[in-house]
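Beneath this line is the structure, given in structure tokens, with notes to follow.
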Amino acid sequence: MLEKKYNHLEVENGKYENWVKNGYFEEKEGGKPYAIVIPPPNVTGKLHLGHAWNTTLQDIIIRFKRMQGFNAIWVPGMDHAGIATQAKVDAKLKDMGIKPRELDRAKWLRYAWDWKNEYAENIHKQWAKLGLALCYSKERFTLDEGLNRAVNHVFKTLFDEGLIYRGERIINWDPAQMTALSNEEVIYKEVKGAFYHIKYYLENSDEYLEVATTRPETLFGDTAVAVNPDDERYKDLIGKNVILPVVGKLIPIVGDEHADPEFGTGIVKITPAHDPNDFEVGNRHNLERIVCINPDGTMNENAGEFAGLDRFVAREKLVEYLKEKDLLISVEEIMHNVGHSERSGVMVEPYLSKQWFVKMRPLADRVLENQKNKDTKVNFVPTRYEKIMNHWMEITYDWCISRQLWWGHRIPAWYKGDEVYVGEVAPVGDGWVQDNDVLDTWFSSALWPFSTLGWPEETEDFKKFYPNNVLVTGYDIIPFWVNRMTFQGLHFTGKRPFKDCLIHGLIRDKQGRKMSKSLGNGVDPMDVIDTYGADALRFFLTTSSAAGTDLRYDEEKVKASWNFINKLWNASRFVLMNIEDLDTLNFDNLKMEDKWILTSLNNTIKSVTKNMEQYDFNNVGTEIYSFVWNDFCDNYIEFAKFSLENKATKSVLCYVLTCILKMLHPFMPYVTDELYSNLPMHEENIILSEYPKYNKSEVFNKEYEEFTNIIEFIKVFRNVKLENKIGKDFGIKINNEEDYSLIMKLLRINLDKHNEIKGTKYSVIYKNYNLDIYYEKEVTEEDMMLLNKQISELESSIERRKKLLNNENYVAKAPKELVEKERFTLKAEEEKLAKLKNE
RNA sequence: GGGCGCUUAACUCAGUUGGUUAGAGUGUCUGCCUUACAAGCAGGAUGUCAUAGGUUCGAGUCCUAUAGCGCCCACCA
């Protein structure tokens, strides 16, 4: 027999190992293919609540689909996470007293793989604790051999197609990690800065131009000053020269649209090697590009005496210097947006550098075209997120994919002198040197939906499971990942990578703040599991908010989920205690209450299935919760207690419980496994069982309504009794021929003992049921107030209804049943009012 | 600057194509140890659905404007 109380520690112990051992998560012969690939977590650390949420959603879908008979697989895997992992490995090495950049590459990589193996193990343990139905035989890692082949194939193909090129551009440079970044990896933050107004003297003149800049230290890279050719103030200066302060050399004044006459002084210094706009200006005017900052953010030899100083120190010193030389006009403090590295947090340096790029325009256009067709597009849930992807596709520009790191897919390009070779394997012959850089992590993640299935080989898995059925991820990952999977998938397979894309939000703390290390408000899902169990956490995570919205972590709600499981546990305990001898289900001689619960069950199954299919787990949660607690426990079980000897009752108890367990299984796999295995009749494991199906022959609408009325009447009866403080010695007078036996049973009233008709009369009316309670007590003022309140409420309700029904427009245009219902209710209210007034 | 979302009970949130007296959990009040469950049972109370207009027989839901909060994108040398 089950323990009296639900104990998640005992219930969850050992189950996962059993599932895996029995191969329940592996491919299932015969079913229609259904596939999800996990968003591979970074091997940098441990999973947080966001991962728990993300993976539970997928687990629910997979378990549901398996129960529906699909050959549903969920491909697990992890991401090497280039920058993030390299930073962590470097930090660890530094702690060990090793200077990471002084190691040779191969040796460093051995440390990195050790790290990877250690953390991958952690993540496996966490997946297990969460109970995820992952198909481990298909597990992949973004840096494994197969995926590396896919990456090289893609690189080479795009290169041959002219969609990958190498070029010198201004890119976002992270001086801390010393690598290039893509635009997506730059986060703009509002910071305090200043406009430094500097004098640029005209050649052979005492006059100067006032040039304002936020980054004075870049003046060592200035190769021109620009004014707008239409700017009356300055257009005559075009073609003349100014003397670059500090450096003392002459640079030209050029006319260029980029200079906005309305902005600042209308004069802008041009630093082609350190600003994307200036780079363009430089191209238009054939200006020299002078780099004056080193990759590590210090000034280089072009900065003269400032060489070697950090860029921010150099700025300070340079401003001092300008002040001394009377070259500084003013310093105007401003707030402005400055790019920061997503990973290291340092200010990004726009930097001239030779990098590899993906030419985005043709790839993005193809996606935009494809999204116009509902049969080929990626369907976002909720739909509004589709706009985010489309907008990105519209404005995207070339993707800088090379990273100056060691941890990643090494770029399959080799150089010999001026020659460049790109191929899937190294070229034959001597003297070829491979590119030192690796690819952006997202370059390999972009191939994940198909590379994990063995692509570019035409494998069985690829043929069966591509496109994937759904991808589940947070909205914050759309630009990095979803967009890129979509264009790569389309380009290389001709198809969308997945039919649906289910988007969820971010986890926040109780106050609505983002969970972060610096705030210290993070919650470790493993701690929650220890306290409340994975089932409670999972139910909370997936049923507490609408799709696509953020979720506040609230321990009280996890507790409420635990209570629900405990309720389920005890209901099961009751059922199991009473059906031990049941060997077959027998639905002969069903009573009204049996028909009622079967009807409600089937309505629930129907609606739950529909909502499961549209990923509306929040509604599913509410529906099952209310069915279990209100219908099954509060009502059906209470009535079933009177007929526990009936086989029909036992059968219904067993059947309804079985269906409940199955519907809850995707949400709470552990406890449902435990309870299901205690049923007198069951499959090998609930994971292998069939999802409940709506069965019309179990729907009895007439009995459903009749029994609902009984339940409602009981409620009214209890309410009248409680509100009027009616004690035990009351009398009952029944006013019609209806059958009150069930009602009296449940209320534990023996009519023979309550036949004294004296004292004050209290009417109890609901639909066809109508009786009076008589009770001797002094009628207090309070009682009169209560009665009067009821009367006036009824009166105003009647008045409202009358007015509505007198409205010709309403009667003419509203649906007929509604109008009928109004009439019926009005009549009932009028009768009730008459009775109340009698009291 | 462009776009998106949110504003509903004390708190956290649902609210399907408009259907007329707006729901849940938690909290709160009253009464109960009724042998499945006191982590429970029975019964209550609590809302100008942000504001102002509009469409409609009917608006939390649709339209317009406003306010507050949040997010995304772009960008200011």
Side-chain angles (χ1 to χ4, degrees), chain A residues 2 4-6 183 188 195 211-215 218 225-226 258-260 262-271 275 277-278 281 334 336-337 382 384-385 387-388 391-392 394-395 475-476 478-479 505-506 508 510 512 514 540 543-546 548-554 556-557 559-578 607 610-611 614 616 618-619 621-622 625-626 629-630 633-634 637-638 641 714-723 725 747-748 793 796-797 800-801 804 807-815 817-819 821-822 825:
Chain A
L2 298 181
K4 196 168 171 184
K5 218 185 214 181
Y6 163 58
N183 291 346
Y188 285 87
F195 264 138
V211 174
T213 178
T214 52
R215 299 167 64 221
T218 63
V225 165
H258 169 60
D260 178 359
E262 306 291 315
F263 190 89
T265 58
I267 305 167
V268 55
K269 71 192 210 41
I270 301 301
T271 323
D275 182 280
N277 289 315
D278 293 4
V281 177
I334 53 157
H336 62 156
N337 269 332
R384 65 172 182 273
Y385 287 106
K387 283 186 212 152
I388 308 239
H391 182 239
W392 187 89
E394 278 157 17
I395 61 158
Y475 59 72
D476 53 328
I478 295 173
L506 265 33
R508 299 180 173 278
K510 216 181 163 179
K514 241 172 159 169
F540 157 72
T543 64
S544 299
S545 69
T549 60
D550 289 350
L551 174 63
R552 292 191 193 202
Y553 176 77
D554 183 350
E556 289 304 311
K557 284 196 181 184
K559 222 181 253 180
S561 298
W562 192 98
N563 285 351
F564 175 50
I565 300 173
N566 187 51
K567 185 75 183 175
L568 175 73
W569 181 267
N570 278 291
S572 304
R573 189 163 166 264
F574 173 81
V575 172
L576 292 170
M577 270 164 48
N578 290 289
S607 172
K610 186 182 140 223
N611 284 323
Q614 48 201 39
D616 194 348
N618 171 41
N619 264 339
T622 312
Y625 187 99
S626 121
W629 207 307
N630 305 329
C633 295
D634 292 347
I637 285 183
E638 291 309 315
K641 284 176 181 171
I714 289 170
K715 238 183 200 174
V716 176
F717 184 96
R718 282 170 166 159
N719 181 14
V720 169
K721 219 181 126 214
L722 213 78
E723 275 200 322
K725 298 194 173 66
L747 291 170
R748 290 161 210 281
E793 271 172 8
S796 67
S797 176
R800 193 188 61 81
R801 246 179 264 280
L804 190 62
N807 182 336
E808 283 168 31
N809 266 324
Y810 171 73
V811 177
K813 291 181 183 173
E817 314 102 62
L818 252 172
V819 180
K821 213 173 131 198
E822 283 296 325
T825 316

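Numbered from 1 within each chain, the chains take letters A, B, ... in sequence-line order.
- Comparing B:rU34, B:rU30, B:rC37 by their nearest atom to the side chain of A:Asn570 picks out B:rC37.
- The aromatic rings of A:Trp629 and A:Phe564 lie parallel to each other, with less than 30° between the two planes, well short of the 60° mark.
- Contact between the side-chain N/O atoms of A:Asn277 and the OP1/OP2 oxygens of B:rC76 is found at a separation under 4.0 Å.
- In this structure, A:Ala571 and A:Ile637 approach most closely via the heavy-atom pair CB-CD1, 4.1 Å.
- Note on A:Lys641: a side-chain N or O is less than 4.0 Å away from OP1 or OP2 of B:rA36.
- Under 4.0 angstrom from either OP1 or OP2 of B:rC41 there lies at least one side-chain N or O belonging to A:Lys567.
- Across the protein-nucleic acid pair, A:His391 atom NE2 and B:rC73 atom P stand 10 Å apart, rounded to whole Å.
- Using a 4.0 Å heavy-atom distance criterion, A:Ala212 is classed as a sugar-phosphate-only contact.
- Distance from the side chain of A:Ala259 is smallest to B:rA77 among B:rC41, B:rG25, B:rA77.
- Crowding of A:Lys821 atom NZ: a count of heavy atoms from other residues, nucleotides or ligands under 6.0 Å not exceeding 12.
- For A:Thr543 and B:rA24, the shortest distance from a side-chain N or O to OP1 or OP2 is not below 4.0 Å.
- Residue contacts for A:Ile388: at a heavy-atom cut-off of 4.0 Å it reaches no nucleic acid atom on any strand shown.
- Here the side chain of A:Tyr475 pairs no donor or acceptor atom with the backbone of A:Ile388 at under 3.5 angstrom.
- Of the candidate nucleotides B:rC71, B:rC4, B:rA14, B:rA14 has the atom nearest to the side chain of A:Ser545.
- Using a 4.0 Å heavy-atom distance criterion, A:Asn719 is classed as a sugar-phosphate-only contact.
- Heavy atoms of A:Lys821 sit nowhere under 4.0 angstrom from any nucleic acid atom.
- Put simply, the side chain of A:Asn807 and the base of B:rC57 share no donor and acceptor less than 3.5 Å apart.
- Of the candidate nucleotides B:rA36, B:rG43, B:rU16, B:rU16 has the atom lying nearest to any side-chain atom of A:Asn619.
- You'll find that the side chain of A:Lys557 is closest to B:rU12, out of B:rU12, B:rA77, B:rC71.
- Of the listed nucleotides (B:rG43, B:rC37, B:rU26), B:rU26 has the atom at the smallest distance from the side chain of A:Glu556.
- Distance CZ (A:Phe195) to C1' (B:rC76): 7 Å, rounded to an integer number of Å.
- Each of A:Ser544 and A:Lys514 lies near RNA chain B, and the nucleotide nearest A:Ser544 is the one positioned closer to the 5' end.
- What separates CZ of A:Phe564 from C1' of B:rA24 is a distance of 13 Å, to the nearest Å.
- The shortest side-chain heavy-atom distance between A:Thr213 and A:Phe195 does not fall under the 4.5 Å cut-off.
- Between B:rA24 and B:rA52, the distance separating the two C1' atoms is 31 Å to the nearest Å.
- Between the C1' atoms of B:rA36 and B:rU28, the separation comes to 27 Å (whole Å).
- Of the candidates B:rA77, B:rA42, B:rG19, B:rA77 carries the atom nearest the A:Asp260 side chain, counting heavy atoms from C-beta on.
- Side-chain N or O atoms of A:Asn570 include none that pairs as donor or acceptor with a backbone N or O of A:Arg573 at under 3.5 Å.
- Between the CZ atom of A:Arg748 and the C1' atom of B:rC41 there is a distance of 11 Å, given to the nearest Å.
- For the pair A:Arg573 CZ and B:rU35 P, the interatomic distance rounds to 12 Å; values are reported in whole Å.
- Among the nucleotides B:rA36, B:rA42, B:rC75, the one closest to any side-chain atom of A:Met577 is B:rA36.
- Both cation-pi conditions hold for A:Lys641 and A:Phe574: the charged atom is under 6.0 angstrom from the six-membered ring centre and inside a 45 degree cone around its axis.
- You'll find that the side chain of A:Ala560 is closest to B:rU26, out of B:rU26, B:rA36, B:rA42.
- Judged by distance alone with a 3.5 Å cut-off, no donor-acceptor contact links the side chain of A:Glu638 to the base of B:rA42.
- Nucleic acid contact for A:Thr549: sugar-phosphate only, since backbone atoms but no base atoms lie under 4.0 Å from a heavy atom of the residue.
- Applying the 4.0 Å criterion to OP1 and OP2 of B:rG3, one finds that A:Trp392 has every side-chain N and O outside that range.
- Nearest nucleotide to the A:Thr213 side chain, out of B:rG40, B:rG43, B:rA77: B:rA77.
- Note on A:Ile395: only backbone sugar-phosphate atoms sit closer than 4.0 angstrom, heavy atoms only; bases stay farther off.
- Whole-Å rounding puts the A:Tyr625 OH to B:rC37 C1' distance at 13 Å.
- Counting to the nearest Å, the P atom of B:rU55 and the NZ atom of A:Lys813 are 14 Å from each other.
- Taking the P atoms as reference points, B:rG3 lies 24 Å from B:rA77, given to the whole Å.
- The CG atom of A:Asp550 sits 10 Å away from the C1' atom of B:rC6 (whole-angstrom rounding).
- With both ends at atom C1', the span from B:rC11 to B:rU46 equals 13 Å, rounded to whole Å.
- Contact between the side-chain N/O atoms of A:Arg552 and the OP1/OP2 oxygens of B:rU12 is found at a separation under 4.0 Å.
- Side-chain contact between A:Thr265 and A:Val211: absent, with no pair of heavy atoms (C-beta onward) separated by less than 4.5 Å.
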